[in-house]
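Each chain gets a letter, A, B and so on, in the order its sequence line appears, and its residues count up from 1.
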Protein chains: 2
Amino acid sequence: MNKKISIKKIAELSGVSVATVSRVINNNGRFSEETRKKVLKVIRENNYQTNNVAKSLRMHKSYTVGILVPDITNPFFSNTVQIIEKNLFEKGYSTIICNTARSRDKELEYVKILESKIVDGLIVISGFKTFDRKNLPDDLPVICIDRSPADSTIAFVGSDHYEGAVMATEFLLAETENLAIVKHDEQSSSGSERVRGFEETLFKEKVEKFGSLIVSNGSQNDQQKQIKKFLQDEMNGSKQPLGVFALSDTLAANILLVAHDLSIKVPKQLKIMGFDDSPIASYCSPQLTTIRQNEILLAKEASGKLIKLMNGENLARDEIVKKIPVQLIVRGTT
Amino acid sequence: MNKKISIKKIAELSGVSVATVSRVINNNGRFSEETRKKVLKVIRENNYQTNNVAKSLRMHKSYTVGILVPDITNPFFSNTVQIIEKNLFEKGYSTIICNTARSRDKELEYVKILESKIVDGLIVISGFKTFDRKNLPDDLPVICIDRSPADSTIAFVGSDHYEGAVMATEFLLAETENLAIVKHDEQSSSGSERVRGFEETLFKEKVEKFGSLIVSNGSQNDQQKQIKKFLQDEMNGSKQPLGVFALSDTLAANILLVAHDLSIKVPKQLKIMGFDDSPIASYCSPQLTTIRQNEILLAKEASGKLIKLMNGENLARDEIVKKIPVQLIVRGTT
DNA sequence: ACTGTCTGAGTAAACGTTTACGCAAGGAGG
DNA sequence: CCTCCTTGCGTAAACGTTTACTCAGACAGT
């Protein structure tokens, strides 16, 4: 923060009052063409820039929105955030990105800080189930993304994970009836939806038995060990190829690596389906078949809704919850 | 932004003046223990939060720093940014992350916005060569990262790309004298350093001939086509294995994929060295040998220096430019 | 010539803080 | 009892804007 030339100085230099300068700047109220030119000239010459802190204070509007993201290192999140940021920027808002590191405490702390910086709105990616209005000023516009909040008054946008899992499962099922699902340790709401899609599809298609592995969080090496054991058990003596639905691309990629290690032929003996279409999906060999989330649409919906709320409009009943369709990307592992 | 309870209200409710409330809040100036308790109680009961916009205005200090990043989707950047954000947060600063999308215009526009929001400092990742003080208030603390600015008065922190390339080249050279380098289209300062490290090492070791490919930006498929042609030419009739130094991990990963496609054995016939140790490096098969940048140290240096500057301290002469050592990670492709 | 409207522009309050300054009360020291 | 210091706290200015009021002068209509 530094000493800069203020509107007062500009007023002085152009021989008018601050009010007039303000009116010229915002093109608001009455002033003559002559003064306009004069003031603008002085502004240009002195490289004047509005002090938005003062403006925010006076106007009760900061043109800043906060965005809470659990881990900006995750490609899906960073992608989504990047697009949201771009959309909001085009509407004149800047974005404070806060990395909550999946910590409830940090999330709360950030909410406080953002609140005190008087953001005009908030986007929350993958907040905790417990995320609700209680800790927020009631009139602060909020949009949740990816993980739906317990508080159903908060608008929500997320991919249709259930439908994605159904598509994935149907696709695998067309190739083999010997299926397995591999999940992460911690379950998010999106994760559960994917599991539900898988299980319900099997139920519907009357496939009764399927393998299941929960990979506990750890180093890549750890995870591979767990997968190795599972794969060895699972592939043992089965005549049909195994089709595995991995709940994320990293999981899928690790499965693929282990398969190579065990000299299991992919996709002949083992078919792998990922989820997300993260960058690694394209750099595996063979490349991963996966379900792609539409980050562009997701971001568009989220930022559009937030803008709407910040403009004081209300969301229609059917706008509160929005499911974004996903897409099956068939590549080498199936 | 919304109507919230202000210090005035708190003063009223506790029967003291705003000045006293402020003094209690900031634990600054004189007040009795009794008033302290009383005021704090009212504050708690009414869930009062300081309005930091007003505070910033009055104090000329916003406890906010801006960070310009060319592409938050890039794992190296997002990692670095994430750590910087964490470091600054611990010191009480929040961070506005701005995605400049590698556009000079957007960069300038963001600088203006940040300036008008009166940030206390600025971190610029990979700005343009032309980035300099001219467009900035002279007393705004700035740190550049990764790509060194033309303006040598701006402090800079970056990996030792030159040394990394030397290590990479020496390592490849120990296995084969038949080398090639594969680079990206657009050259950054870090890219040039890597090239220089490669070439000077070859010169020093008296290796005179080496292959070279510039992959022009395009889809993954496009890039692979260019690589395929190059690899076919290069591998044709050579008895020695080919060692290629790819200037990034994505390049390396694509080379690996093409090699599989052409049934070239890695690392027997072809040895591949990447750069960055990005996530995909660990998900290739075999996993990429690569040079890892130390994002933690990088971020620590950058945020530390910025804090120092924001505290009004000066940087010692030898602190202006800081090179962070890199590390050779030997894995499956060599 | 009187009234009314319009135009251009200034005055001052307000946004929510922090803090320099001042002052009353109380106690200590002579 | 007078002086002086200390303590606790209030008053008011200041940070840089925006904007509701106000008002003088110009001009038009009667």
> B:Ser32 or B:Ala54: which one's nearest nucleotide on DNA chain D is closer to the 5' end?
Replying inline: B:Ser32

> Which residue lies toward the 5' end of DNA chain D, A:Val18 or B:Val16, if each is placed at its nearest nucleotide?
Replying inline: B:Val16

> Do B:Thr153 and B:Asp151 have side-chain N/O donor and acceptor atoms under 3.5 Å apart?
Replying inline: yes

> Do we see a donor-acceptor contact under 3.5 Å between the side chains of B:Thr64 and B:Lys117?
Replying inline: no

Nearest whole Å is fine: how far is [N] [atom2] from [X] [atom1]?
| X | N | atom1 | atom2 | answer |
| --- | --- | --- | --- | --- |
| A:Asn51 | D:dA14 | CG | P | 17 Å |
| B:Lys8 | C:dT18 | NZ | P | 14 Å |
| B:Phe31 | D:dT7 | CZ | C1' | 12 Å |
| A:Met59 | D:dA20 | CE | C1' | 14 Å |
| B:Asn27 | C:dT18 | CG | P | 13 Å |
| B:Leu57 | C:dT19 | CG | P | 13 Å |
| A:Glu34 | C:dG8 | CD | C1' | 11 Å |
| A:Ile7 | D:dA14 | CD1 | P | 18 Å |

Return no unless some side-chain N or O of [X] is found under 4.0 Å from OP1 or OP2 of [N].
| X | N | answer |
| --- | --- | --- |
| A:Ser6 | D:dG16 | no |
| A:Asn28 | D:dT19 | yes |
| A:Thr20 | C:dG10 | yes |
| B:Thr35 | D:dC9 | yes |
| B:Thr50 | C:dT17 | no |

>> Show the nearest heavy-atom pair for residues B:Tyr93 and B:Asp120, with the distance to one decimal.
In response: CE2-OD2, 3.7 Å

> Got a sec, which residues hit side chain to side chain contact (heavy atoms under 4.5 Å, CB included) with B:Arg30, two or more places apart in sequence or on another chain?
Replying inline: none

> To 10°, what angle do the rotation axes through the five end pairs on each side of the helix from C:dA1-D:dT30 to C:dG30-D:dC1 form?
Replying inline: 60°

>> The side chain of A:Tyr48 is closest to which nucleotide in this list: C:dC15, C:dT18, D:dT17?
In response: D:dT17

Count the heavy atoms of every other residue, nucleotide or ligand shown that sit under 6.0 Å from [atom1] of [X], and state whether that count exceeds 12.
| X | atom1 | answer |
| --- | --- | --- |
| B:Ile296 | CD1 | no |
| A:Tyr63 | OH | no |
| A:Lys323 | NZ | yes |

> How does protein reach along nucleotides 20-27 of chain C, written 5' to 3' as B (base within reach of a heavy atom under 4.0 Å), S (only sugar-phosphate), or - (no contact)?
Replying inline: B-------

> For B:Ser14, which residues count as a side-chain hydrogen bond (donor to acceptor under 3.5 Å, both in side chains) partner, sequence neighbours excluded?
Replying inline: none

List the atom pairs, donor and acceptor, that lie under 3.5 Å between side-chain atoms in residues 308-316 of chain A and the rest of the protein, sequence neighbours left out.
| from | atom 1 | to | atom 2 | distance (Å) |
| --- | --- | --- | --- | --- |
| A:Lys308 | NZ | A:Glu319 | OE1 | 3.3 |
| A:Lys308 | NZ | A:Glu319 | OE2 | 2.9 |

> Less than 3.5 Å between a donor and an acceptor, one on the side chain of A:Arg58 and one on the base of D:dT18, is that the case here?
Replying inline: yes

>> By the ring pair (Phe, Tyr, Trp, His ring centres under 6.0 Å) test, which pairs, at least two apart or in different chains, include something from residues 69-92 of chain B?
In response: A:Tyr110-B:Phe89

